[in-house]
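What follows is a single structure, written as C-alpha coordinates, with notes after it.
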Amino acid sequence: MEKNKEDVWARKETCSPVKRIGIIGLGLIGGSLARAFRQKAGSPYIAAYDRDTASGKRALEEGVIDAFASPADGYSVFQGCDIVLICTPFETLSHIVPEIRDLGIGLITDVCSVKEPVMRLVKLPNFVGGHPMAGSERQGYACGIPTLFENALYVICIGDDCLVPASLLEDFEDLIRKIGAKPVRMKAHDHDRRVAMVSHLPHVAASALSLLAARLDDGQLAALAAGGFRDITRIASSDPALWAGISQAGSATLVPVLALYIELLEQVKSELSRGESRAVESFFAQAAFYRNSLPMTGRGAMDATVSLTVYLVDKPGALASITTLLGENNINIRNINIRDSRTYEGGQLHLLLGDSAEAVKAYSLLKEAGYECD
(Lines give C-alpha, C1' and ligand atoms only; values in the text may rest on other atoms or scores of the structure.)
Protein backbone atom coordinates (compact mmCIF):
# COMPACT_ATOMS: atom_id res chain seq x y z
CA MET A 1 0.00 0.00 0.00
CA GLU A 2 1.29 3.43 -0.92
CA LYS A 3 1.71 6.20 1.56
CA ASN A 4 0.19 8.63 -0.92
CA LYS A 5 -0.78 8.94 -4.59
CA GLU A 6 2.28 10.83 -5.81
CA ASP A 7 4.40 9.41 -8.59
CA VAL A 8 7.07 7.44 -6.75
CA TRP A 9 9.75 8.70 -9.12
CA ALA A 10 8.77 12.36 -8.64
CA ARG A 11 10.96 12.68 -5.57
CA LYS A 12 12.96 15.74 -4.60
CA GLU A 13 16.50 15.77 -5.95
CA THR A 14 18.96 13.93 -3.71
CA CYS A 15 22.71 13.79 -3.50
CA SER A 16 22.71 10.04 -4.14
CA PRO A 17 22.12 8.27 -7.46
CA VAL A 18 20.27 5.58 -5.51
CA LYS A 19 16.67 6.78 -5.71
CA ARG A 20 14.64 3.70 -4.84
CA ILE A 21 15.49 1.26 -2.04
CA GLY A 22 13.68 -1.89 -0.95
CA ILE A 23 13.92 -3.53 2.48
CA ILE A 24 12.60 -7.03 3.15
CA GLY A 25 12.18 -7.51 6.89
CA LEU A 26 11.61 -4.60 9.29
CA GLY A 27 13.30 -6.09 12.34
CA LEU A 28 16.18 -4.51 14.24
CA ILE A 29 18.53 -4.38 11.23
CA GLY A 30 15.93 -3.68 8.55
CA GLY A 31 14.18 -1.07 10.69
CA SER A 32 17.48 0.61 11.53
CA LEU A 33 18.55 0.65 7.88
CA ALA A 34 15.23 2.22 6.86
CA ARG A 35 15.62 4.93 9.50
CA ALA A 36 19.26 5.54 8.56
CA PHE A 37 18.52 5.78 4.84
CA ARG A 38 15.66 8.17 5.51
CA GLN A 39 17.71 10.49 7.71
CA LYS A 40 21.18 10.26 6.20
CA ALA A 41 20.96 9.21 2.55
CA GLY A 42 19.13 12.11 0.93
CA SER A 43 15.61 10.79 1.53
CA PRO A 44 15.36 8.09 -1.16
CA TYR A 45 12.07 6.33 -1.88
CA ILE A 46 11.90 3.36 0.50
CA ALA A 47 9.60 0.37 0.05
CA ALA A 48 9.39 -2.38 2.66
CA TYR A 49 7.96 -5.86 3.15
CA ASP A 50 7.31 -7.70 6.40
CA ARG A 51 5.01 -10.38 7.75
CA ASP A 52 4.22 -8.09 10.69
CA THR A 53 1.74 -5.55 9.34
CA ALA A 54 1.85 -3.62 12.62
CA SER A 55 5.54 -2.81 12.06
CA GLY A 56 4.82 -1.75 8.49
CA LYS A 57 1.96 0.48 9.56
CA ARG A 58 4.10 2.12 12.22
CA ALA A 59 6.95 2.70 9.76
CA LEU A 60 4.51 4.35 7.33
CA GLU A 61 3.03 6.55 10.04
CA GLU A 62 6.49 7.64 11.18
CA GLY A 63 7.46 8.51 7.62
CA VAL A 64 10.33 6.02 7.70
CA ILE A 65 9.09 4.23 4.57
CA ASP A 66 6.95 5.26 1.60
CA ALA A 67 5.28 1.96 0.75
CA PHE A 68 4.65 -1.30 2.58
CA ALA A 69 3.67 -4.78 1.45
CA SER A 70 2.63 -7.81 3.49
CA PRO A 71 2.53 -11.47 2.35
CA ALA A 72 -0.98 -10.84 1.04
CA ASP A 73 0.41 -8.11 -1.25
CA GLY A 74 3.47 -9.95 -2.55
CA TYR A 75 6.81 -8.48 -3.61
CA SER A 76 5.79 -6.33 -6.58
CA VAL A 77 6.41 -3.24 -4.44
CA PHE A 78 10.13 -3.74 -5.26
CA GLN A 79 9.68 -3.58 -9.02
CA GLY A 80 12.53 -1.54 -10.52
CA CYS A 81 14.30 -0.77 -7.22
CA ASP A 82 17.94 0.27 -7.47
CA ILE A 83 18.86 -1.76 -4.39
CA VAL A 84 16.91 -4.31 -2.32
CA LEU A 85 18.24 -5.49 1.04
CA ILE A 86 16.99 -8.81 2.41
CA CYS A 87 17.06 -8.33 6.19
CA THR A 88 15.70 -11.72 7.25
CA PRO A 89 17.32 -14.92 8.63
CA PHE A 90 19.39 -17.14 6.35
CA GLU A 91 16.78 -19.89 6.15
CA THR A 92 14.27 -17.53 4.50
CA LEU A 93 16.50 -16.66 1.53
CA SER A 94 15.55 -19.72 -0.51
CA HIS A 95 11.90 -18.60 -0.39
CA ILE A 96 12.46 -14.89 -0.99
CA VAL A 97 15.05 -14.86 -3.78
CA PRO A 98 12.89 -16.63 -6.41
CA GLU A 99 10.10 -14.14 -5.72
CA ILE A 100 12.20 -11.04 -6.43
CA ARG A 101 14.70 -12.22 -9.04
CA ASP A 102 12.65 -11.02 -12.04
CA LEU A 103 11.56 -7.62 -10.70
CA GLY A 104 14.17 -5.59 -12.55
CA ILE A 105 16.17 -4.85 -9.39
CA GLY A 106 19.61 -3.34 -9.90
CA LEU A 107 21.38 -4.91 -6.91
CA ILE A 108 20.10 -7.48 -4.40
CA THR A 109 21.96 -7.98 -1.14
CA ASP A 110 21.49 -9.56 2.30
CA VAL A 111 22.60 -8.84 5.87
CA CYS A 112 23.24 -12.39 7.13
CA SER A 113 26.18 -12.90 9.47
CA VAL A 114 27.35 -15.94 7.49
CA LYS A 115 28.45 -15.44 3.93
CA GLU A 116 29.73 -18.66 2.33
CA PRO A 117 26.37 -20.47 2.66
CA VAL A 118 24.60 -17.38 1.30
CA MET A 119 26.94 -17.07 -1.69
CA ARG A 120 26.45 -20.76 -2.49
CA LEU A 121 22.67 -20.46 -2.22
CA VAL A 122 22.06 -17.23 -4.15
CA LYS A 123 23.35 -17.52 -7.71
CA LEU A 124 22.00 -14.30 -9.20
CA PRO A 125 24.18 -12.07 -11.38
CA ASN A 126 22.88 -9.01 -9.52
CA PHE A 127 23.51 -10.37 -6.01
CA VAL A 128 26.17 -9.08 -3.60
CA GLY A 129 26.63 -10.51 -0.11
CA GLY A 130 26.55 -8.07 2.79
CA HIS A 131 26.98 -8.03 6.55
CA PRO A 132 26.71 -4.85 8.64
CA MET A 133 28.82 -5.53 11.74
CA ALA A 134 26.39 -3.96 14.15
CA GLY A 135 23.51 -5.21 16.23
CA SER A 136 22.02 -5.72 19.65
CA GLU A 137 20.39 -8.40 21.75
CA ARG A 138 17.19 -6.36 21.32
CA GLN A 139 14.71 -7.38 18.66
CA GLY A 140 12.08 -5.91 16.38
CA TYR A 141 11.31 -2.73 14.47
CA ALA A 142 10.63 -0.73 17.64
CA CYS A 143 14.26 -1.22 18.75
CA GLY A 144 15.75 0.09 15.50
CA ILE A 145 17.77 3.31 15.55
CA PRO A 146 19.22 5.34 12.65
CA THR A 147 22.66 5.48 14.29
CA LEU A 148 23.09 1.71 14.68
CA PHE A 149 25.68 1.56 11.90
CA GLU A 150 27.81 4.56 12.89
CA ASN A 151 31.49 3.53 12.68
CA ALA A 152 30.56 -0.11 12.04
CA LEU A 153 32.30 -2.16 9.39
CA TYR A 154 29.97 -3.24 6.60
CA VAL A 155 31.39 -6.32 4.88
CA ILE A 156 30.68 -6.77 1.16
CA CYS A 157 31.27 -10.10 -0.58
CA ILE A 158 31.31 -10.08 -4.38
CA GLY A 159 30.90 -13.48 -6.02
CA ASP A 160 32.86 -14.67 -9.04
CA ASP A 161 29.70 -14.60 -11.18
CA CYS A 162 28.60 -11.10 -10.11
CA LEU A 163 27.64 -8.87 -13.05
CA VAL A 164 26.62 -5.79 -11.07
CA PRO A 165 28.13 -2.73 -12.81
CA ALA A 166 31.09 -1.20 -11.00
CA SER A 167 29.21 2.12 -10.85
CA LEU A 168 26.29 0.53 -8.95
CA LEU A 169 28.67 -1.23 -6.54
CA GLU A 170 30.27 2.15 -5.86
CA ASP A 171 26.81 3.69 -5.34
CA PHE A 172 26.04 0.92 -2.83
CA GLU A 173 29.27 1.55 -0.95
CA ASP A 174 28.58 5.29 -0.99
CA LEU A 175 25.13 4.60 0.48
CA ILE A 176 26.80 2.59 3.25
CA ARG A 177 29.12 5.51 4.00
CA LYS A 178 26.19 7.90 4.15
CA ILE A 179 24.68 5.97 7.08
CA GLY A 180 28.00 6.18 8.93
CA ALA A 181 29.31 2.67 8.24
CA LYS A 182 32.61 1.69 6.62
CA PRO A 183 32.36 -0.65 3.62
CA VAL A 184 35.07 -3.28 3.33
CA ARG A 185 35.28 -5.94 0.63
CA MET A 186 36.14 -9.43 1.84
CA LYS A 187 36.13 -13.00 0.58
CA ALA A 188 33.19 -14.97 1.98
CA HIS A 189 35.40 -17.67 3.55
CA ASP A 190 37.66 -15.11 5.23
CA HIS A 191 34.60 -13.30 6.60
CA ASP A 192 33.07 -16.45 8.04
CA ARG A 193 36.33 -17.61 9.63
CA ARG A 194 36.85 -14.25 11.34
CA VAL A 195 33.26 -13.71 12.43
CA ALA A 196 33.10 -17.25 13.86
CA MET A 197 35.82 -16.14 16.30
CA VAL A 198 34.64 -12.64 17.25
CA SER A 199 30.87 -13.08 17.12
CA HIS A 200 29.54 -16.62 16.85
CA LEU A 201 31.83 -18.25 19.41
CA PRO A 202 31.20 -15.51 22.01
CA HIS A 203 27.45 -16.13 21.69
CA VAL A 204 28.00 -19.83 22.36
CA ALA A 205 30.34 -19.07 25.27
CA ALA A 206 27.99 -16.54 26.85
CA SER A 207 25.06 -18.91 26.52
CA ALA A 208 27.10 -21.79 27.99
CA LEU A 209 28.11 -19.65 30.97
CA SER A 210 24.52 -18.61 31.53
CA LEU A 211 23.24 -22.17 31.24
CA LEU A 212 25.93 -23.50 33.59
CA ALA A 213 24.99 -20.85 36.17
CA ALA A 214 21.34 -21.85 35.84
CA ARG A 215 22.21 -25.49 36.48
CA LEU A 216 24.38 -24.63 39.51
CA ASP A 217 22.05 -22.00 40.98
CA ASP A 218 21.24 -22.91 44.57
CA GLY A 219 18.81 -20.04 45.03
CA GLN A 220 21.45 -17.43 45.86
CA LEU A 221 23.81 -17.61 42.88
CA ALA A 222 21.72 -15.20 40.80
CA ALA A 223 22.19 -12.41 43.35
CA LEU A 224 25.98 -12.78 43.05
CA ALA A 225 25.77 -12.83 39.25
CA ALA A 226 24.13 -9.42 38.96
CA GLY A 227 27.41 -7.57 38.31
CA GLY A 228 30.25 -8.61 36.02
CA PHE A 229 28.72 -11.98 35.20
CA ARG A 230 25.62 -10.29 33.87
CA ASP A 231 27.79 -8.00 31.72
CA ILE A 232 29.83 -10.73 30.07
CA THR A 233 26.77 -12.90 29.40
CA ARG A 234 24.62 -10.07 28.02
CA ILE A 235 24.53 -11.47 24.50
CA ALA A 236 23.01 -14.69 25.81
CA SER A 237 19.75 -12.67 25.84
CA SER A 238 19.74 -12.63 22.02
CA ASP A 239 16.95 -14.27 20.02
CA PRO A 240 17.44 -18.06 20.51
CA ALA A 241 15.86 -19.05 17.19
CA LEU A 242 17.92 -16.49 15.28
CA TRP A 243 21.20 -17.62 16.84
CA ALA A 244 20.40 -21.28 16.45
CA GLY A 245 19.98 -20.59 12.73
CA ILE A 246 23.16 -18.51 12.52
CA SER A 247 25.20 -21.13 14.40
CA GLN A 248 23.90 -23.95 12.22
CA ALA A 249 24.45 -22.03 8.98
CA GLY A 250 27.98 -21.12 10.06
CA SER A 251 28.85 -24.47 11.61
CA ALA A 252 31.58 -25.17 9.05
CA THR A 253 33.69 -22.37 10.54
CA LEU A 254 32.21 -22.27 14.05
CA VAL A 255 32.89 -25.92 14.93
CA PRO A 256 36.68 -25.74 14.34
CA VAL A 257 37.08 -22.56 16.37
CA LEU A 258 34.83 -24.01 19.09
CA ALA A 259 37.14 -27.04 19.21
CA LEU A 260 40.15 -24.74 19.66
CA TYR A 261 38.33 -22.92 22.46
CA ILE A 262 37.55 -26.18 24.24
CA GLU A 263 41.18 -27.25 23.80
CA LEU A 264 42.35 -24.01 25.43
CA LEU A 265 39.96 -24.48 28.35
CA GLU A 266 41.19 -28.07 28.78
CA GLN A 267 44.77 -26.78 28.86
CA VAL A 268 43.97 -24.25 31.60
CA LYS A 269 42.02 -26.89 33.49
CA SER A 270 45.02 -29.22 33.36
CA GLU A 271 47.46 -26.50 34.47
CA LEU A 272 45.23 -25.57 37.40
CA SER A 273 44.90 -29.22 38.41
CA ARG A 274 48.70 -29.65 38.41
CA GLY A 275 49.25 -26.39 40.32
CA GLU A 276 51.25 -24.78 37.50
CA SER A 277 50.80 -21.20 38.67
CA ARG A 278 53.28 -19.73 36.19
CA ALA A 279 51.45 -21.27 33.25
CA VAL A 280 48.12 -20.01 34.57
CA GLU A 281 49.55 -16.52 35.03
CA SER A 282 50.89 -16.65 31.48
CA PHE A 283 47.41 -17.56 30.26
CA PHE A 284 45.91 -14.48 31.91
CA ALA A 285 48.83 -12.23 30.89
CA GLN A 286 48.68 -13.15 27.21
CA ALA A 287 44.93 -12.70 27.15
CA ALA A 288 45.19 -9.31 28.87
CA PHE A 289 47.92 -8.14 26.48
CA TYR A 290 45.84 -8.92 23.39
CA ARG A 291 42.64 -7.54 24.92
CA ASN A 292 44.39 -4.28 25.84
CA SER A 293 45.78 -3.94 22.31
CA LEU A 294 42.34 -3.97 20.67
CA PRO A 295 41.31 -0.64 19.09
CA MET A 296 39.05 1.59 21.16
CA THR A 297 37.43 3.19 18.12
CA GLY A 298 34.86 1.73 15.79
CA ARG A 299 32.38 -1.06 16.36
CA GLY A 300 33.05 -4.73 16.00
CA ALA A 301 30.70 -7.66 15.72
CA MET A 302 29.44 -7.00 19.25
CA ASP A 303 29.03 -3.87 21.30
CA ALA A 304 30.90 -3.56 24.59
CA THR A 305 28.92 -4.38 27.69
CA VAL A 306 29.51 -1.26 29.74
CA SER A 307 30.13 1.29 27.03
CA LEU A 308 27.77 4.04 26.02
CA THR A 309 27.80 6.03 22.79
CA VAL A 310 26.38 9.56 22.83
CA TYR A 311 25.80 11.43 19.58
CA LEU A 312 27.01 15.02 19.88
CA VAL A 313 25.78 18.10 18.11
CA ASP A 314 28.47 20.41 16.76
CA LYS A 315 28.31 23.29 19.22
CA PRO A 316 30.49 24.71 22.02
CA GLY A 317 30.04 23.14 25.44
CA ALA A 318 28.37 19.93 24.20
CA LEU A 319 31.00 17.68 25.76
CA ALA A 320 31.15 19.63 29.03
CA SER A 321 27.37 19.43 29.41
CA ILE A 322 27.45 15.63 29.26
CA THR A 323 30.36 15.12 31.64
CA THR A 324 28.83 17.61 34.11
CA LEU A 325 25.45 15.87 34.00
CA LEU A 326 26.99 12.46 34.72
CA GLY A 327 29.35 13.82 37.37
CA GLU A 328 26.52 15.52 39.25
CA ASN A 329 24.80 12.14 39.42
CA ASN A 330 27.89 10.32 40.77
CA ILE A 331 28.59 8.40 37.57
CA ASN A 332 32.30 7.82 37.10
CA ILE A 333 33.58 7.94 33.51
CA ARG A 334 36.57 5.59 33.36
CA ASN A 335 37.53 6.44 29.80
CA ILE A 336 36.32 8.82 27.15
CA ASN A 337 36.89 9.02 23.43
CA ILE A 338 35.43 11.08 20.58
CA ARG A 339 35.02 9.04 17.42
CA ASP A 340 35.28 10.42 13.89
CA SER A 341 33.94 13.87 14.74
CA ARG A 342 32.65 15.72 11.67
CA THR A 343 32.25 19.47 11.91
CA TYR A 344 29.04 19.41 9.91
CA GLU A 345 27.43 16.41 11.64
CA GLY A 346 28.75 16.45 15.18
CA GLY A 347 30.50 13.40 16.56
CA GLN A 348 30.24 10.32 18.72
CA LEU A 349 31.25 10.36 22.35
CA HIS A 350 32.31 6.90 23.54
CA LEU A 351 32.07 6.53 27.32
CA LEU A 352 33.50 3.58 29.25
CA LEU A 353 31.63 3.19 32.52
CA GLY A 354 32.24 1.13 35.63
CA ASP A 355 29.46 -1.42 35.29
CA SER A 356 26.14 -2.10 33.59
CA ALA A 357 24.15 -0.41 36.36
CA GLU A 358 26.04 2.85 35.75
CA ALA A 359 25.55 2.47 32.01
CA VAL A 360 21.78 2.06 32.42
CA LYS A 361 21.60 5.04 34.78
CA ALA A 362 23.70 7.20 32.43
CA TYR A 363 21.57 6.19 29.44
CA SER A 364 18.39 7.17 31.28
CA LEU A 365 19.79 10.54 32.36
CA LEU A 366 21.08 11.41 28.91
CA LYS A 367 17.90 10.38 27.14
CA GLU A 368 15.85 12.46 29.59
CA ALA A 369 18.14 15.40 28.85
CA GLY A 370 17.46 15.03 25.12
CA TYR A 371 20.62 13.29 23.96
CA GLU A 372 20.57 10.46 21.42
CA CYS A 373 22.58 7.51 22.71
CA ASP A 374 22.89 3.75 22.62
Side-chain angles (χ1 to χ4, degrees), residues 90 112-117 131 133-137 152-153 155 184 186-218 221-222 224-240 242-307 334-335 352 355-356:
F90 168 75
C112 293
S113 66
V114 292
K115 292 272 69 77
E116 270 199 304
H131 180 204
M133 303 287 285
S136 167
E137 72 276 12
L153 293 181
V155 177
V184 55
M186 197 176 292
K187 294 292 186 182
H189 176 74
D190 292 337
H191 166 275
D192 287 3
R193 177 174 54 83
R194 292 160 181 161
V195 171
M197 178 63 242
V198 300
S199 177
H200 301 171
L201 176 62
H203 274 84
V204 173
S207 296
L209 284 171
S210 185
L211 182 57
L212 180 61
R215 291 176 176 175
L216 298 179
D217 197 332
D218 57 0
L221 188 149
L224 299 176
F229 184 86
R230 183 178 176 86
D231 289 337
I232 64 173
T233 58
R234 173 182 59 86
I235 55 175
S237 296
S238 300
D239 183 349
L242 174 65
W243 275 96
I246 289 173
S247 299
Q248 192 62 60
S251 61
T253 47
L254 175 57
V255 169
V257 76
L258 184 57
L260 291 173
Y261 182 57
I262 293 170
E263 181 182 322
L264 184 57
L265 291 177
E266 288 287 355
Q267 177 185 329
V268 176
K269 173 187 170 185
S270 177
E271 291 166 350
L272 285 168
S273 299
R274 296 194 301 267
E276 297 179 5
S277 58
R278 282 187 173 273
V280 174
E281 182 180 350
S282 176
F283 162 76
F284 285 114
Q286 291 179 65
F289 178 81
Y290 181 75
R291 169 63 176 78
N292 293 337
S293 71
L294 295 177
M296 282 291 294
T297 58
R299 292 186 180 179
M302 300 181 299
D303 288 336
T305 19
V306 292
S307 67
R334 295 194 174 186
N335 204 339
L352 186 64
D355 55 38
S356 58

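The first residue of the sequence shown is numbered 1, and numbering continues consecutively from there. All of these numbers come straight from a predicted model, not from anything done at the bench.
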Exercise for the section: Evaluate the side-chain proximity of His203 to Ser238: yes if any heavy-atom separation is below 4.5 Å, no if none is. Expected result: yes

Practice task
Output yes when a side-chain donor or acceptor of Ser199 lies under 3.5 Å from a complementary backbone atom of Val195, and no otherwise.
Solution key: no

Handout entry: Minimum-distance pair of heavy atoms, taken over all atoms of Leu221 and Ala213
Key = CD2-CB, 3.9 Å

Completion exercise
Closest heavy-atom pair, Asp192 versus Thr253, reported as atoms and distance to 0.1 Å, is O-OG1, 3.5 Å

Handout entry: Value rounded to 0.5 Å, distance of NZ in Lys187 from CZ in Arg194
Key = 12.0 Å

Exercise for the section: Would you indicate whether Arg215, at its atom CZ, is surrounded by more than 12 heavy atoms from other residues, nucleotides or ligands within a distance under 6.0 Å? Expected result: no

Exercise for the section: Mark yes or no for whether Ser251, through its side chain, and Gln248, through its backbone, hold a donor-acceptor pair below 3.5 Å. Expected result: yes

Problem - Non-hydrogen atoms of Phe229 and Leu209 that approach each other most closely - result: CZ-O, 3.5 Å

Exercise for the section: Using modelled atom types only, decide if a donor and an acceptor are shared between the side chain of Ser282 and the backbone of Arg278 within a distance under 3.5 Å. Expected result: no

Exercise for the section: Check whether any side-chain heavy atom of Met186 sits under 4.5 Å from a side-chain heavy atom of His131, and report yes or no. Expected result: no

Completion exercise
In short, Met197 meets Pro202 closest at the heavy-atom pair O-CD, 3.2 Å

Handout entry: Closest non-hydrogen atom pair between Ala196 and Val257, with its separation
Key = O-CG1, 3.9 Å

Completion exercise
Here the gap from Asp217 atom CG to Leu212 atom CG, rounded to the nearest 0.5 Å, amounts to 11.0 Å

Problem - Between Glu263 and Gln267: side-chain donor-acceptor atoms closer than 3.5 Å - result: no

Exercise for the section: Check the surroundings of atom CD in Glu281: do more than 12 heavy atoms from other residues, nucleotides or ligands lie under 6.0 Å from it? Expected result: no

Handout entry: Non-hydrogen atoms of Ala249 and Pro117 that approach each other most closely
Key = O-CG, 3.2 Å

Problem - Polar side-chain atom of Ser273 near backbone of Lys269 as donor-acceptor pair, under 3.5 Å - result: yes

Practice task
Flag the pair Arg234 / Ser237 as yes when at least one side-chain heavy-atom distance between them is below 4.5 Å, and no otherwise.
Solution key: no

Practice task
Would you confirm whether Ser270, through its side chain, and Glu266, through its main-chain N or O, come within 3.5 Å as a donor-acceptor pair?
Solution key: no

Practice task
Would you mind reporting whether His200 and Val114 have side-chain heavy atoms less than 4.5 Å apart?
Solution key: yes

Practice task
Step through the shown structure and confirm whether more than 12 heavy atoms of other residues, nucleotides or ligands are within 6.0 Å of OH on Tyr261.
Solution key: no

